Amino acid sequence: MIDLKYLQKNYEETATKLIKKGVDSEILEALKQRFIELKEVNSTFEEAKANQNQMSKLFGQYKKDGKDIAELKVKVDANKELLSSLQESAREANEALNSLALGIPNFPDDRVPDGEDENDNVELKKVLKPTTFNFIPKEHWELSEINGWIDFGRGVKLAKSRFSVLRGDGARLERALINFFLDENRAKGFEEVAVPFINNASMLQGTGQLPKFEDDLFKIEDENLYLIPTAEVPLTNLYNDEILREKELPMLLTAYTPCFRKEAGSAGRDTRGMIRQHQFSKVEMVAISKPDDSERIFEMMVQNASDILTKLGLPHRIVELCGGDLGFSASHTIDLEVWLPGQNQYREISSISNTKEFQARRAKIRFKDSKKNTFVHTLNGSALAVGRTIVAIMENYQNEDGSVNIPEVLKRYM
RNA sequence: CGGGAGAUGUCAGAGCGGUUGAAUGUGCCAGUCUUGAAAACUGGUGAGGGUAAUUCCUCCGGGGGUUCGAAUCCCCCUCUCCCGGCCA
């Protein structure tokens, strides 16, 4: 949730920023108008309510003293009529504002480059040189036909398209990677957490998936519950509606979870292979920090994810997302893209975002800053997406016969 | 899934129709004392919103109702605990 008071006071500035993120200026104009309306309606309602409270007090006093209450009752009844209609319009104004405000994305950070989509993202640096082969490297689905690590057909049979089954060393590799990632994160100070894979609607609103992106989520029938699309949801919302102590911050959390996404908008993209699945494993980092610390922690998280890739010997590059490619809740995002020799391109394997106070405002996560309560900053990032790491290992560590070597650092996990 | 009890501030726990946003204890913050700490004592301490401000409005699990007035009465929902059933 953006700060509406700030929007009202600095309309031009915020409008410019949000347009960079693809928000229609008419919606912003409407939002500002609704906000002003709400304040008006509220103040007249509150005035009438104060009036009523005062008369009610008097009413009690009169009864106690045995005075006649008939005249007062007439006045109080009349005001009650007025009150209920005012309350109704205040409620409507509030709902109108809220439903609009919940659909507005976060402000991009000042340093975020302009741009429409992923083509305008800015490469910051490359780490490790792309792997070279003295044969033509295969894509991971071809390799899985040879080594039997991924069974796509039976995944589809069990569930539907975009599900798969890992078998043998493929399954063991997944388990090894999860353990490796968690250990690496723990070494950097992240607390390991095991969370529910199903969360309720209010948590998904807290991190920004609801109400706007309901179509991307798997909902449990007849329940107010959803399969989580990322561990960012349960980890960040661990402190939903709480006021933390200053000395508890920063909070660094990591969890392994499966992630469930409908991929509603991506029909036809990456239909082949394990790049885009409805269910995938991921180890996530989440940080909850004081505003002044978030930038430093953000850098640390990027470095950590990059270090993990380096330890695995996977060539990758670090990319700064442009305004148009930023996610709904993010103010600043850096993606890590791993080199896939079979596809001959870099593909996203981690995305690290600082949402500043956007999620904290929605989820009401605050800390006691000496006297007053202040919104925390929340950050999240993958370290790393497990399925895509398996793909990357298969393609980068492949031999000409289709067998795949195991990276040195994983040997103790398998 | 069936039967019973309950949901109040960090926590524990009063209040059961009228200056109660809420006693008391505890926790936390500050101070006194102390070489320092502990103990003891003193003071402060829920959240959100509106106003330039005194002040005002909202919140006692969530939603609705009764009433001039509700934490307190009624209805629905959710959750927790106890008993029984089922079951990793």
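Just so it is clear, the structure is predicted and the values come from calculations on it, not from any experiment. Lettering of chains follows the sequences in order, A, B, ..., and the numbering in each one begins at 1.
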Quiz item: Atom CE of A:M1 and atom P of B:G49: how far apart are they, to the nearest Å?
Solution: 11 Å
Look for any protein N or O under 3.5 Å of an N or O in nucleotides 54-58 of chain B and output each such pair with its distance, or none.
| unit_1 | atom_1 | unit_2 | atom_2 | d |
| --- | --- | --- | --- | --- |
| B:C57 | OP1 | A:N53 | ND2 | 3.0 |

Quiz prompt | Chi angles and distances behind the side-chain contact (heavy atoms from CB on, under 4.5 Å) call for A:H377, A:F298 | solution = CA-CA 11 Å; A:H377 279 193; A:F298 180 80; over 6 Å; no
Quiz prompt | N-O pairing of A:E71 and A:K75 below 4.0 Å | solution = no
Run the side-chain donor-acceptor check on residues 250-265 of chain A: report pairs under 3.5 Å with partners two or more places apart or on a different chain.
| unit_1 | atom_1 | unit_2 | atom_2 | d |
| --- | --- | --- | --- | --- |
| A:T254 | OG1 | A:N185 | ND2 | 3.0 |
| A:T254 | OG1 | A:E284 | O | 2.9 |
| A:R261 | NE | A:P229 | O | 2.9 |
| A:R261 | NH2 | A:P229 | O | 3.0 |
| A:E263 | OE1 | A:S266 | OG | 3.1 |
| A:E263 | OE1 | A:R276 | NH1 | 3.4 |

Output a table of nitrogen or oxygen pairs between the protein and nucleotides 86-88 of chain B separated by less than 3.5 Å.
none

Quiz item: So, do A:S329 and A:T207 sit near enough that their side-chain heavy atoms are less than 4.5 Å apart?
Solution: no
Exercise. Measure the shortest side-chain to side-chain distance between A:L336 and A:V127 over non-hydrogen atoms and say whether it is less than 4.5 angstrom.
Key: no
Practice problem: Rounded to whole angstrom, note down the P distance from B:G61 over to B:G6. | Solution: 14 Å
Quiz item: Using atom P of each nucleotide, how far apart are B:G25 and B:G18 to the nearest Å?
Solution: 25 Å
Sort me out a list of protein N/O and nucleotides 62-68 of chain B N/O pairs below 3.5 Å, or just none if empty.
| unit_1 | atom_1 | unit_2 | atom_2 | d |
| --- | --- | --- | --- | --- |
| B:C68 | OP1 | A:K73 | NZ | 2.4 |
| B:C68 | O2' | A:S56 | OG | 2.9 |

Self-check item: Euclidean distance for P, B:A71 against B:U80 (whole angstrom)
Solution: 26 Å
Quiz prompt | Note, A:T310 side chain near A:H316 side chain (heavy atom, < 4.5 Å) | solution = yes
Self-check item: Electrostatic pair A:K17-A:D109, nearest N-O below 4.0 angstrom
Solution: no
Quiz item: Is it true that the side chains of A:N354 and A:S331 contain a donor and an acceptor less than 3.5 Å apart?
Solution: no
Exercise. Rounded off to whole Å, could you give me the CZ-to-P distance for the A:R361 and B:G48 pair?
Key: 11 Å
Side-chain polar contacts of residues 35-49 of chain A - donor-acceptor pairs under 3.5 angstrom, sequence neighbours left out - could you list them?
| unit_1 | atom_1 | unit_2 | atom_2 | d |
| --- | --- | --- | --- | --- |
| A:K39 | NZ | A:Q8 | OE1 | 3.3 |
| A:S43 | OG | A:E40 | O | 3.1 |
| A:T44 | OG1 | A:E40 | O | 3.4 |
| A:T44 | OG1 | A:V41 | O | 2.9 |

Quiz item: Rounded to the nearest 0.5 Å, how far does CG of A:L204 lie from CG of A:L225?
Solution: 9.5 Å
Quiz item: Want to settle it: does A:K247 or A:N42 sit nearer the 5' end of RNA chain B, counting the closest nucleotide to each?
Solution: A:K247
Quiz item: Roughly how far, to the nearest 0.5 Å, is the CD atom of A:E142 from the CE atom of A:M394?
Solution: 10.5 Å
Quiz item: Looking across every strand, which nucleic acid part, if any, lies under 4.0 Å from A:I243 by heavy atom: base, sugar-phosphate, or nothing?
Solution: sugar-phosphate
Quiz item: Does RNA chain B take part in any stems of at least 3 consecutive Watson-Crick or G-U pairs (both distances under 3.5 Å), and if so, which ones?
Solution: B:1-7 with B:78-84, B:27-32 with B:40-45, B:46-49 with B:56-59, B:61-65 with B:73-77
Quiz item: Taking the same atom, P, in B:C75 and in B:A7, what whole-Å distance lies between them?
Solution: 16 Å
Practice problem: Give the rounded distance in Å between these two atoms: CZ of A:F375 and C1' of B:G48. | Solution: 9 Å
Quiz prompt | d(NZ, A:K368; C1', B:G48) in whole Å | solution = 13 Å
Practice problem: Take atom C1' in B:U19 and the same atom in B:A37, then report the distance between them in whole Å. | Solution: 44 Å
Exercise. Using whole Å, report how far CG of A:N199 lies from P of B:C79.
Key: 15 Å
Quiz item: CD of A:E242 versus C1' of B:G61: gap in Å, rounded?
Solution: 15 Å
Practice problem: Rounded to whole angstrom, note down the C1' distance from B:G69 over to B:C79. | Solution: 30 Å
Self-check item: No-hydrogen, no-angle side-chain donor-acceptor test under 3.5 Å, A:N10 and A:T14
Solution: no
Quiz item: Between atom CG in A:N373 and atom C1' in B:C29, what is the gap in whole Å?
Solution: 14 Å
Self-check item: Integer angstrom distance from the P of B:A12 to that of B:G63
Solution: 22 Å
Quiz item: For residues A:D325 and A:N121, is any side-chain donor paired with an opposing acceptor at under 3.5 Å?
Solution: yes
Quiz item: Does B:G48 have OP1 or OP2 sitting under 4.0 Å from an N or O in the side chain of A:R366?
Solution: yes
Quiz item: Taking the C1' atom of each, how far is B:C83 from B:U10, in whole Å?
Solution: 32 Å
Exercise. Would you kindly give the CG-to-C1' distance between A:L38 and B:G48, to the nearest whole Å?
Key: 13 Å
Quiz item: Is A:E299 paired with A:R296 through a side-chain N to carboxylate O contact shorter than 4.0 Å?
Solution: no
Quiz item: Looking just at side-chain N and O atoms, do A:H140 and A:Q343 make a donor-acceptor pair shorter than 3.5 Å?
Solution: no
